[in-house]
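One structure is given here, and the rest of the page talks about it.
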Protein chains: 2
Amino acid sequence: MRRLSHYLRALEGFDRNGGGTVSSEELASKGHTTAAQVRKDLSHFGSFGKRGLGYGVSELVDRLRAILGVDRAWRVVLVGAGRIGSALFEYPDFKARGYDCVAVLDSDPHKIGAKWGNTTIRDTAELEAVVVREQIDLVVLAVPAVAAQEVTDRAVRAGIKGILNFAPVRLKVPAQVPVEDVNLVMELEALSFRITRGGASE
Amino acid sequence: MRRLSHYLRALEGFDRNGGGTVSSEELASKGHTTAAQVRKDLSHFGSFGKRGLGYGVSELVDRLRAILGVDRAWRVVLVGAGRIGSALFEYPDFKARGYDCVAVLDSDPHKIGAKWGNTTIRDTAELEAVVVREQIDLVVLAVPAVAAQEVTDRAVRAGIKGILNFAPVRLKVPAQVPVEDVNLVMELEALSFRITRGGASE
DNA sequence: CTACATTTGTGAAGAATTTCACAAGCAGCC
DNA sequence: GGCTGCTTGTGAAATTCTTCACAAATGTAG
Ligand SMILES: NC(=O)c1ccc[n+]([C@@H]2O[C@H](COP(=O)([O-])OP(=O)(O)OC[C@H]3O[C@@H](n4cnc5c(N)ncnc54)[C@H](O)[C@@H]3O)[C@@H](O)[C@H]2O)c1
Ligand SMILES: NC(=O)c1ccc[n+]([C@@H]2O[C@H](COP(=O)([O-])OP(=O)(O)OC[C@H]3O[C@@H](n4cnc5c(N)ncnc54)[C@H](O)[C@@H]3O)[C@@H](O)[C@H]2O)c1
């Protein structure tokens with residue numbers, strides 16, 4: 001469920017404002033759903049929250065973190081030190097959420113050996129070794145489309161647990177390895193689709 | 001429907017390989033759905049495709065382009081010439097799809113006046129003027145979260161038609177203005193969610 | 001022209017998701 | 001303790017999305 005992430009985001013806003021509890025109504029108003037939806041979603045994972053009061057903010061944050069798996073550190077390798085790769089590498093929110101970019105790989109001899117902060121860009125040839133030695137959980141794939149499948153296959157064989165893919169191709173992976181695709185062109189197409197047909201309907 | 005974009009992507013692969021027609025079966029195998037789904041989706045917009053044969057590739061491409069609104073050029077302004085902004089600006093697939101980044105704005109005096117290719121970074125203060133004068137359709141928002149709502153409000157007032165938002169906030173907009181959010185942290189959370197619960201289930 | 005092999009378009013069945021509605025639980029107050 | 005005012009948790013209804021199944025169309029081959 002994608003909405004759980006939204007709830008977590010919204011809750012963190014409340015947390016800072018000292019509030020002790022939130023009602024499903026309040027949670028729904030952020031994160032654009034209904035109160036009933038919020039309750040259904042949460043009840044699906046257990047029943048926290050006190051009747052008559054609402055949900056304890058910090059308790060619910062902890063629960064959601066556990067459900068989403070953000071209550072631990074994830075070790076990430078970035079493959080492809082290009083434009084998108086560098087933007088992602090420096091994005092502070094990843095680290096803040098426990099996604100630790102412990103290695104950066106590229107195949108371009110001009111880039112290998114360069115330093116980004118304290119991190120040295122290494123050769124993609126080391127992928128398998130890095131995954132195993134550094135106990136990598138996730139790959140962020142920011143290589144050109146033609147290279148994406150090959151890198152994927154090698155990462156999967158090395159025992160990676162999941163892939164965030166920016167290349168506009170559908171990766172073939174075994175069913176146990178989840179892939180999330182980010183395709184910016186598709187987002188723009190969704191926009192123009194919604195504009196050309198009148199319906200807004202977020 | 002997000003799947004239409006996938007169909008278009010898949011079709012373009014076929015197009016180059018000279019093929020005259022595709023069956024719903026073939027389209028389904030790429031883009032991970034079923035043949036029935038493909039037919040339902042397409043029939044919802046009219047009935048092209050010949051029984052016994054399949055869909056004419058180039059005709060279907062044209063139809064999908066029209067449905068998605070990619071059969072025209074979209075004029076885009078990029079607001080926020082930071083790390084993500086620069087990656088997006090240079091991303092060739094946007095232009096290839098008809099999304100033309102005709103202006104780049106930023107509020108940082110050190111960046112204003114710099115050139116990216118032939119494009120000069122201008123002051124965000126000019127936003128309204130640019131939207132009107134350059135007939136901008138879409139805003140790509142790549143500014144820090146705190147600035148996002150303000151830029152949005154101004155763009156909306158200036159008559160923007162849609163927003164692609166990279167800032168991790170839920171923008172308040174009138175119902176006629178569609179917003180697509182890109183939130184990379186949420187993608188990673190979706191990954192770790194799927195990993196921690198066993199289910200792959202793309 | 002007729003039989004045949006395909007593949008679409010679509011109503012109907014089935015599944016999944018969302019909304020409704022309300023009993024049950026909790027805190028505060030008298 | 002016994003009301004009162006809220007808010008959760010959750011079956012049941014409603015809605016939306018997906019799959020099934022098959023008649024209707026189209027090209028081909030004999
Ligand atoms: N730039 C964007 O805004 C953007 C947006 C969405 C998606 N993407 C996608 O992200 C990918 C990268 O885009 P980019 O703009 O950063 O491109 P880029 O050319 O700037 O960077 C690609 C990097 O990958 C490296 N590389 C190539 N083959 C490799 C391999 N086999 N192993 C390791 N590294 C390899 C290259 O040396 C280069 O450094 C592309 O698939 C692109 O379609 C980019
Ligand atoms: N870097 C990433 O990989 C990444 C990924 C996802 C989302 N984001 C989001 O994208 C946004 C930008 O991230 P970034 O990493 O590019 O940050 P950045 O700091 O590199 O760039 C932000 C740019 O916006 C400019 N800016 C600030 N206020 C402005 C205003 N009012 N008008 C116009 N320009 C203004 C700044 O001068 C700067 O150039 C943030 O909201 C961030 O959360 C970034």
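In what follows, every chain begins at residue 1, and chains take the letters A, B, ... in the order their sequences are listed.
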What is the minimum heavy-atom distance between V76(A) and Y99(A), and which atoms define it?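 Reported closest heavy-atom pair: CG2-CB, 4.2 Å.
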Write down the distance between [atom1] ([X]) and [atom2] ([N]), rounded to a whole number of angstrom.
| X | N | atom1 | atom2 | answer |
| --- | --- | --- | --- | --- |
| H44(A) | dT8(D) | NE2 | C1' | 17 Å |
| K40(A) | dG11(D) | NZ | P | 8 Å |
| L27(A) | dC6(D) | CG | P | 19 Å |

Pair [X] + [Y], salt bridge at N-O below 4.0 Å:
| X | Y | answer |
| --- | --- | --- |
| E128(A) | R133(A) | no |
| E12(B) | R65(B) | yes |
| R154(A) | E126(A) | no |
| K172(B) | E150(B) | no |
| D137(B) | K161(B) | yes |

If you assign each of E25(B) and R3(A) to its closest nucleotide in DNA chain C, which residue comes earlier from the 5' end?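 Closest to the 5' end, via its nearest nucleotide, is E25(B).
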Nearest 0.5 Å please: distance from the CG atom of D181(B) over to the CZ atom of R170(B). 5.5 Å
Can L138(A) and I163(A) be said to form a side-chain contact (heavy atoms from CB on, under 4.5 Å), step by step? CA-CA 6 Å; L138(A) 308 174; I163(A) 298 171; over 6 Å; no
In terms of side-chain heavy atoms, does D153(A) have a donor or acceptor partner in Q149(A) at a distance below 3.5 Å? yes
Between the side chains of S23(B) and Y55(B), does any donor sit under 3.5 Å from an acceptor? no
Tell me which residues in residues 61-68 of chain A lie within less than 4.0 Å of DNA chain C, going by non-hydrogen atoms.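 None - not one residue of the stretch has a heavy atom sitting under 4.0 Å from the strand.
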What is the bend of the helix from dC1(C)-dG30(D) to dC30(C)-dG1(D) when you compare the axis at one end with the axis at the other, using five pairs each and rounding to 10°? 0°
Taking the six-membered ring of F14(B) as reference, does the NZ or CZ atom of K30(B) fall below 6.0 Å from its centre and within a 45° cone about the axis?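 Geometry flag: set, cation within 6.0 Å and 45°.
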N or O in side chain of Q37(B) less than 4.0 angstrom from dT19(D) OP1/OP2: yes
Does dT7(D) have OP1 or OP2 under 4.0 Å away from a side-chain N or O of S24(A)?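 For dT7(D), neither OP1 nor OP2 has a side-chain N or O of S24(A) closer than 4.0 Å.
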By the 4.0 Å heavy-atom rule, please label T33(B) as base, sugar-phosphate, or nothing. nothing
Just jot down the salt bridge (charged side-chain N to carboxylate O under 4.0 Å, His left out) partners of E180(B), sequence neighbours excluded, or say none.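 E180(B) satisfies salt bridge (charged side-chain N to carboxylate O under 4.0 Å, His left out) with R194(A), R2(B) only.
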Sequence neighbours left out, what passes salt bridge (charged side-chain N to carboxylate O under 4.0 Å, His left out) with D108(A)? Give chain and number order. none
B/S/- contact track for nucleotides 22-30 of chain D, protein heavy atom under 4.0 Å: --BBB----
When you list every nucleotide of DNA chain C with an atom under 4.0 Å from a heavy atom of chain B, which one comes first 5' to 3', and which comes last?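 Nucleotide range with atoms under 4.0 Å of chain B: dT6(C) to dA12(C).
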